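Atoms within a ligand are numbered from 1 in the order they appear, just like the ligands themselves. Please read all numbers here as calculations on a predicted model, not as lab measurements.
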Amino acid sequence: MARIAILPGSFDPVTVGHLDIVKRSTSLFDKIIIGLGINSMKQTMFTTEQRMKWLQTTFKEFPNVEVKAYEGLTVNFCKQEQAKYILRGLRTSTDFQFEKAIAQMNQLLEAEIETVFILSLPQYAPVSSTIVRDIIRHGGDVKQFLPNGVTP
Ligand code: ADP
């Protein structure tokens, strides 16, 4: 059976950190689906369409990576896509504490779906969409933090 993983996130916007996690995970899975989570309660800087477009541009050269938007629980999206793995990146111990709770809750919801963590490379550990948005708001240059073709 094909090993399918979903990397869920808001990708507001996608960064070189996300790109690195996907690059380093492609050999582990037959297919990776980048799941753009649509959460109407969450205020985003960029529209769903824009975030989707940037994800498509970023991953267009990756033969076993797809980009899809979804609403609702990640475990339900996994079942819909027959994905047995949730892929997440870890930068810091704070990420770990937060991710641990989500992964354990997802495990209780769907015992057969495993969360797989990939540690960020040191050079990407400080890169976050939140800080990128702050820099953009204040007129700074974020080019080095974003994949080619992502130009806010
Ligand atoms: P969310 O909205 O769920 O926080 P994000 O879009 O910010 O999701 O990130 C999606 C995934 O990518 C998360 O697992 C997050 O920890 C990971 N990630 C984000 N930035 C980096 C980075 N610089 N290095 C490694 N992983 C990262």
shortest atom 16 (O) of ligand 1-to-protein heavy-atom contact is with G89 O, 2.8 Å
**Q.** Ionic contact status for E81 with K31, cut-off 4.0 Å
**A.** no
Worksheet item: Is the shortest distance from a heavy atom of P8 to ligand 1 less than 4.0 Å?
Response: yes
If we number the atoms of ligand 1 from 1 as shown, the ones under 4.0 Å from a heavy atom of S10 are 1 (P), 2 (O), 5 (P), 6 (O), 8 (O)
d(K84 NZ, K79 NZ) to nearest 0.5 Å is 10.0 Å
Self-check item: Heavy atoms from other residues, nucleotides or ligands near CD of E112 exceed 12 (cutoff 6.0 Å)
Solution: yes
Ranking P13, S120, A125 by closest non-hydrogen atom to atom 25 (C) of ligand 1, top hit is S120
The protein heavy atom nearest to atom 5 (P) of ligand 1 is H18 NE2, 3.6 Å
I21 heavy atoms within 4.0 Å reach ligand 1 at atoms 25 (C), 26 (N)
So CD1 of I135 and CD of Q144: to nearest 0.5 Å the spacing works out to 8.0 Å
Under 4.0 Å between heavy atoms, the region of K42 that gets near ligand 1 turns out to be side chain
*asked:* Do L28 and Y85 make a side-chain contact, defined as non-hydrogen atoms from C-beta onward lying under 4.5 Å apart?
replied: no
closest protein heavy atom to atom 21 (C) of ligand 1 is R91 CD, 3.5 Å
| message | Do the side chains of R137 and D134 get close enough for a salt bridge, i.e. N-O under 4.0 angstrom? | response | yes
Of all protein heavy atoms, the one nearest atom 4 (O) of ligand 1 is R88 NH2, 4.1 Å
Report task. Please say whether F11 places an N or O atom under 3.5 Å from an N or O atom belonging to ligand 1. Result -> yes
Q.
Angle between ring planes, Y70 versus F77, binned at 30° and 60°: parallel, tilted or perpendicular?
A. parallel
